[in-house]
2 protein chains.
Amino acid sequence: MKIKNDILSCRTCVYRQLLFKDLNDFEYKLVNDSRTEMLYKRGEVIKNEGDQVNSFIYLRKGLVKLYKTDSNGKDHILSINRPGDFISLLSIFADEPYRFSIAALEETLVCDVKLDVLQHLIETNGKLAMHLFKKMSQISDEIIENQFEQAQKQVKGRVAHLLLYFANHVYHKNEFYLPLTRREMGELISITTENTIRTFSEYRKDGIIDQQGKTIKILDYDRLVAINKGG
Amino acid sequence: MKIKNDILSCRTCVYRQLLFKDLNDFEYKLVNDSRTEMLYKRGEVIKNEGDQVNSFIYLRKGLVKLYKTDSNGKDHILSINRPGDFISLLSIFADEPYRFSIAALEETLVCDVKLDVLQHLIETNGKLAMHLFKKMSQISDEIIENQFEQAQKQVKGRVAHLLLYFANHVYHKNEFYLPLTRREMGELISITTENTIRTFSEYRKDGIIDQQGKTIKILDYDRLVAINKGG
DNA sequence: TTTTAAGTATGCTATAAATCATCTATTTTT
DNA sequence: AAAAATAGATGATTTATAGCATACTTAAAA
């Protein structure tokens, strides 16, 4: 991890309006001055389960996984997050240490705002509070929706769902470099590494996807949608 | 459903301090005056997926299920909620219709506060906003924790987890009347009705639980904890 | 009260998925 | 650059779970 000194201003941040659009100049300066930026390389752990929560973090660049390790040492990925996702927003007000770990899946730029600054702003700026509530509701809706989708699907359907998720909600195109190992994909959709690999092989054989290493291309989108629906 | 006219005052509500403890007399009156109370019988649907969200609802008495129906007509229960749980709190600010249905599992008394009143209070009372944020974070932590537990368990572990959940977090004792059918339990932990019944039979045979109809008694708590841990 | 429907219970069978084993390819580390 | 570790691939086997069938019981509806 490398702390950046030449940090960018919130004023020029593309994500500013996602969160801080309702701040006046004074409030905005408060955020900007209490802020640090950190750069993480692929594989680096940003937060560890059990760490104290004393800041609100969000991504300006990169991709991360939120995960937990079970009693057998097996990891379970809760979600994959990219800029604009406001990782940890849901959890930071619970007065509890982090209940999951966060690691970078590619070079990731993290913006860190002290929690007491955010808390002060919430208590004094009702518009910001409502904005945050709305964001939290949307995130939780996604979690619930995802849980529901998972519950009704088995291996083939889950892999299809995963591919469609990355195509539609992360990369917004049908060809993308996905910096996840097959094991990590399995950890995300709760199936074994072998079955993840096997299903990819099958989809390749059936001409549903093309794949060169970690670059995936969806060839037959409709078929994938059908598999996703069917289970 | 029956609208109650002899509604109780928020002032005497045991759940008041869970949410509205930071209100002054004027604010408190706002809430109290915009409030309606409704009584639902077992089986009645309180909200339907797709319904417009225009109020914050919470339970004063009873037990409900939050659920969604999939494309095959199969229900999936997202959570079971009791008074104090603030059902729907997470979702109400998303500006979207309900993404799940809510139904009463036993006679349930629902308190309904207009959303615009709550929204106005949030924007003007920072303490209330922070209080709500904290509550939302706690709820989402529970959802995440539950998802994590589910993912690593199979049938026997899931049933054990379910029993421990009701014993520890809902009824706070080892003997309780659980107004859920075996099918509903299966819908909650994503296993078939047959496997739910089979596992109950097995636990009965092994002396882990005793069971008369819907009354369940945990006889060997430690064994259940061990099964829960083991998977 | 009788009829119908829904819930509980169990055995059997089919199927899906995990586990185990082995091999090759690709990264990472030294 | 060589060695070691990790990732990807695939077949064979075992295990877990779903699905189907059927009987009995309890609750709801006519």
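Convention: sequence-line order gives letters A, B, ...; per-chain numbering from 1.
Both the sub-6.0 Å distance and the 45° axial angle are satisfied by B/Lys68 relative to the ring of A/Phe148.
Taking five base pairs at each end of the helix from C/dT1-D/dA30 to C/dT30-D/dA1, the local helix axes there meet at an angle of 60°, rounded to 10°.
Across B/Lys2, B/Arg60, B/Arg42, B/Lys61, a single residue satisfies salt bridge (Lys or Arg N to Asp or Glu O under 4.0 Å) together with B/Glu107, and that is B/Lys61.
Using a 4.5 Å heavy-atom threshold, the side chains of A/Leu188 and A/Tyr67 count as separate. Considering only heavy atoms from C-beta on, B/Ile87 comes within 4.5 Å of B/Ile57 through its side chain. At least one side-chain heavy atom of B/Tyr98 sits less than 4.5 Å from a side-chain heavy atom of B/Ser88.
In 5' to 3' order, the nucleotides of DNA chain D bounding all contacts with chain A (an atom under 4.0 Å from a heavy atom) are D/dA7 to D/dA12.
A donor-acceptor contact shorter than 3.5 Å links the side chain of A/Arg158 to the backbone of A/Lys153. B/Thr108 contributes no side-chain N or O that, together with a main-chain N or O of B/Ala104, makes up a donor-acceptor pair within less than 3.5 Å. A donor-acceptor pair is defined here as one N or O able to donate and one able to accept, closer than 3.5 Å; no such pair exists between the side chain of A/Asn48 and the backbone of A/Asp51. A side-chain donor-acceptor contact under 3.5 Å links B/Ser140 to the backbone of B/Ser137. Under a 3.5 Å cut-off, the side chain of B/His172 and the backbone N or O of B/Asn168 do form a donor-acceptor pair.
What separates CD1 of B/Ile197 from P of C/dC12 is a distance of 18 Å, to the nearest Å. B/Leu105 has its CG atom 13 Å from the P atom of C/dG7, to the nearest Å. A straight line from CZ of B/Arg183 to P of C/dT8 spans 9 Å, rounded to a whole angstrom.
Aromatic ring pairs are classed by plane angle as parallel below 30°, tilted from 30° to 60° and perpendicular above 60°; the pair B/Phe56 and B/Tyr58 is tilted.
At a threshold of 4.0 angstrom between heavy atoms, the contacts of A/Lys205 with the nucleic acid are absent. Counting non-hydrogen atoms under 4.0 angstrom, B/Arg204 reaches the backbone sugars and phosphates but no base.
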**Asked** Going 5' to 3' along nucleotides 17-30 of chain C, which nucleotides have protein heavy atoms under 4.0 Å from the base (write B), which only from the sugar-phosphate (write S), and which from neither (write -)?
**Response** SBBB----------
